[in-house]
Amino acid sequence: MSLYIYNSLKRIKQLFEPLEADTVRMYVCGPTVYDYPHIGHAKSYITFDIVVRYLRHLGYRVKYVQNITDVGHLLDSGEDRIMRGARREKVDPMELVERYTRAYFEAMDALNILRPDISPHAAAHVPEQIEMVEKLIAGGYAYEVNGSVYFDVSRWPKYGILSGRDVNDQQAGARVDVNPEKKHPADFALWKKADPEHLMQWNSPWGRGYPGWHIECSVMSMKYLGQTLDIHGGGMENQFPHHECEIAQSEAATGVPFVRYWMHHNMVLVDSVKMSKSLGNFTTVAEALKKHPAMHIRFFVLQTHYRSPVDFSDSVIQSAGQGYQRLLNTYMLLGRLAGSEIAEGAPEDVREMCRSVISAFQDQMDDDFNTPNAIAVIFDFSRQINKYITESEKPEPSSLALLCETYKKMAGDVLGLLPGRLEEERPAKPFIELLIEIRRVLRSEKNWALSDRIRDQLAELGVSVKDSKNGSEWDYQM
RNA sequence: GGCGGCGUAGCCAAGCGGCUAAGGCGGAGGUCUGCAAAAUCUCUAUUCGUCGGUUCGAUUCCGAUCGCCGCCUCCA
C-alpha cells in the first residue's frame, strides 16, 4: 500500500506523491511567541512530528520548515500580540520573543518532538515580505491606502477555494470591526501602517509600518522550499482566513500552485470547549508536565486521530498512561533480555512475525496517519512478544534482538514514544543491585518481612521491583 | 445568516456499504505467585443520537431532526 493523505483542499484522501521523487518539502504554521506554549501546541506539533517521522521512515528526505511568528499577529483589539506581551512583562519585544521561543522549544523537546530543519522568524524576513507586497501591487492584486496595503480579494476569484466560503455570504465584522480603508471587508492586510509609538516598525515604500500576519508564511515557506510546497500543515482554525490568504497571495505572486497537500489537525478541547488563550481556559505544556510524564501526554494525543478533536483532562491522560506503561514494559523487558545481541540469524518464524507486524503498522500509517490503529497494532505485538517470552524456555537471543529492533522502529522511531536510551544515567545502579542481591538472600531464607520492606521502600524511591521464579527484575518507574 | 466538523460500550477511541463493531482504560473471574507487581487467558456494545429513505444488505450513502463544537480578518 502507499501513503494516502487527507487533503483539505480536495476534501478527500489522496495518494501522496511529492513533486520531486525522494524529497518532501513541508511547511507548518509555527507559534506566535508571546506566551508559554499550551497543550494545543502540543497536539499540533506532535501531529506534524508524526508526519515527518513517518515520511522519513518511508525513506523520504524531508525538509521541514516551521516559522516563528514574532511580528504582525494582532489581537482582536488590533494590538500586536508581541507588543502586548512585552508590555505585560516590561521587556523589549525581541526579549519577549527570545524568552518564549526558548520556552516553546523546551516544551517541544520534552514531548520528544523533533525540531524543524529551519525555524525562520518573521521579523527577520521583512525585506522579503516587502518585496512580495510590491510584486502583488505591481500585478494589480493589491492596493495601498494611507500607508497600508491590502490584498484585493475581488481580483482573486478563487478566494474561498480552501474553506469553501463565498466572501459575500460571510458576516462582515462578526468578530472584529470592519476596517473602512478596505474596498471589501474580506480584503486582508499585507502591510500595515505603524503609529509612531508602535515598537516594531520598518521602512517601506509605503512609509513606516509592519507586515501583515499572512504574508510571512508565504514568504518564508517559498524562500526555503520553493514556490510549490508538498505539504502545508496547520490547525483547522487557521484554514480560514489564514491559509486561504496564503494561497491567494502566493499564487497571485507566482502564478503556480502554492501547496499540493493541505493538512489540518483538529483542536484541543477542555470540558468540550475549545481551549484558547482568548478564553483563558488553557493549560500550558509546563503545567501538564508537572502532572503527567511527557510520554503519557504524547501517547494520549496519538491515541486520537489528528483530524478529531481531543478533550483534555487529567483522568483521560492517566488512563492513557496506564496503557502506555504496558507498551513500555514490553520494550524494557526486551531491552534487558536482548542486551547487545544482534538480530542477525533470527529464525524464520520470528522474522515473519516482525514482517507482518511492520506491514500492518504501515497499512495504518499509510491511511492518513491513523495513529490510533497503529498503536493498536503495537498492543497486539506487545502481547505476542510477552507470550513468546513467557512460553519459550530460553528465548533465542537473535530473536529477542530482532523483536526489540522492530518494536523500536514503530513505537520509537515513527511514533516517538520510547526513551532514547534504555540505559539512562543510573548513578544509583550498583547500590540498587546490591539491595536486590541482599533481598535475593533474604527471600531464599523466606524472610518475607524484610524483603517486602526493601521492595516497598525502593518503590517509594521510584524503583519498582518485580519478583518471579527466575529472580527479581527492577527498573525506574516512569 | 454562511462554511465546516462531531455524536460508537462505564470512560477514551478506531471503523465509514457486507467477515464475530479494532485497540486502550476501568470492571468481573481464572492461571502464575510466599505476598505484591508484571505477564497471560476469559467475560464486559444483538448495536453505532433520533426518525425516515436508497440498497439484497447501512454504524457506514441520502434526507430530516435533536444535541454539541469550530470558523466567518488575523488563536496551534
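None of these values were measured; they are calculated from a predicted model. Quick note on labels: first sequence line is chain A, next is B, and so on, each numbered from 1.
Note on A:G235: only backbone sugar-phosphate atoms sit closer than 4.0 angstrom, heavy atoms only; bases stay farther off. Here A:K466 lies in heavy-atom contact (under 4.0 Å) with a base. Backbone-only contact: A:N238 has heavy atoms under 4.0 Å from sugar-phosphate atoms and none from a base. A:F300 comes within 4.0 angstrom of nothing in the nucleic acid, heavy atoms only.
With P as the reference atom, B:U8 and B:U47 are 16 Å apart, rounded to whole Å. Using P as the reference atom, B:U65 and B:C3 are 15 Å apart when rounded to the nearest Å. Separating the C1' atom of B:G53 from that of B:G1 is a span of 29 Å, rounded to the nearest Å. Nucleotides B:A45 and B:G24 have their C1' atoms positioned 16 Å apart, rounded to a whole Å. Comparing B:C43 with B:U59, their C1' atoms sit 24 Å apart, to the nearest whole Å. For the C1' atom pair drawn from B:A37 and B:U31, the interatomic distance equals 16 Å after rounding to whole Å. Comparing B:A13 with B:C6, their C1' atoms are spaced 13 Å from each other, to the whole Å. Taking the C1' atom of each, B:G5 and B:G49 are spaced 16 Å apart, rounded to whole Å.
Once the 5.5 Å centre distance and the 30° plane angle are applied, the aromatic ring of A:W448 is found stacked with the base of B:G34.
Judged by distance alone with a 3.5 Å cut-off, a donor-acceptor contact links the side chain of A:D452 to the base of B:G34.
Look at B:G4: its Watson-Crick or wobble partner, with both distances under 3.5 angstrom, is B:C69. Pairing for B:U59 is absent, judged as Watson-Crick or G-U wobble with the two contacts each under 3.5 Å. B:C19 is unpaired under the Watson-Crick or G-U wobble criterion, no partner having all donor-acceptor distances under 3.5 Å. In this structure, B:U46 forms no base pair with any nucleotide, since neither Watson-Crick nor G-U wobble geometry is met with both distances under 3.5 Å. Pair assignment for B:C25: B:G10, on the basis of Watson-Crick or G-U wobble contacts that are both within less than 3.5 Å. Shown here, B:C32 forms no base pair; nothing in the strands shown gives a Watson-Crick or G-U wobble contact with both key distances under 3.5 Å.
For the pair A:R455 CZ and B:A37 P, the computed distance is 9 Å after rounding to whole Å. Spacing between atom NE2 of A:H292 and atom P of B:C25 amounts to 17 Å, rounded to whole angstrom units. Going from atom NE2 of A:H265 over to atom P of B:C69 covers 19 Å, rounded to whole Å. Put simply, CZ on A:R307 is 13 Å from C1' on B:G4, counting in whole angstrom units. Distance CD (A:E244) to P (B:G4): 13 Å, rounded to an integer number of Å. With rounding to whole Å, A:Y388 atom OH is found 24 Å from B:A38 atom P. Whole-Å rounding puts the A:H242 NE2 to B:C3 P distance at 24 Å. Per the geometry, CG belonging to A:L327 stands 11 Å off P belonging to B:U40, to the nearest Å.
OP1 or OP2 of B:C41 lies within a sub-4.0 Å distance of a side-chain N or O belonging to A:K387. Between A:T32 and B:A76 there is a side-chain N or O to OP1 or OP2 distance below 4.0 Å. OP1 or OP2 of B:A39 has at least one side-chain nitrogen or oxygen of A:N329 nearer than 4.0 Å.
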When you check every protein heavy atom under 4.0 Å of nucleotides 13-24 of chain B, what one-letter string (B, S, -) results, 5' to 3'? SSS------BSS

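Classification of the A:W156-A:F151 ring pair by plane angle, with boundaries at 30° and 60°, yields perpendicular. Relative ring orientation between A:Y45 and A:Y104 is described as perpendicular, the plane-to-plane angle rising above 60° on a 0-90° scale split at 30° and 60°. Taking the six-membered ring for Trp and thresholds of 30 and 60 degrees, A:H243 and A:W262 have ring planes inclined between 30 and 60 degrees apart.
Proximity of a side-chain donor or acceptor of A:H41 to a complementary backbone N or O of A:H38 within less than 3.5 Å is detected. In this structure a side-chain-to-backbone donor-acceptor pair under 3.5 Å is missing from A:E181 to A:S148. A donor-acceptor pair is defined here as one N or O able to donate and one able to accept, closer than 3.5 Å; such a pair exists between the side chain of A:D187 and the backbone of A:V153.
Distances were taken from every side-chain heavy atom of A:H214 (C-beta onward) to each of B:A76, B:C74, B:U40; the shortest belongs to B:C74. Candidate nucleotides B:C72, B:C69, B:C41 were compared by shortest atom distance to the side chain of A:L269, and B:C69 ranks first.
Between A:Y100 and the choices A:F105, A:Y34, A:Y36, the ring pair (Phe, Tyr, Trp, His ring centres under 6.0 Å) rule is met once, by A:Y36.
Sorted by first then second residue, the salt bridge (charged side-chain N to carboxylate O under 4.0 Å, His left out) pairs that include residues 145-157 of chain A, not counting sequence neighbours, are A:D152-A:K183.
The residues A:D109 and A:R115 are annotated as salt-bridged, a charged nitrogen and a carboxylate oxygen being separated by less than 4.0 angstrom. With respect to A:R102 and A:E98, a salt bridge is recorded, a charged nitrogen being found less than 4.0 Å from a carboxylate O.
Each of A:R443 and A:S315 lies near RNA chain B, and the nucleotide nearest A:S315 is the one positioned closer to the 5' end. Nearest-nucleotide positions on RNA chain B place A:N386 closer to the 5' end than the other of A:N386 and A:Y45.
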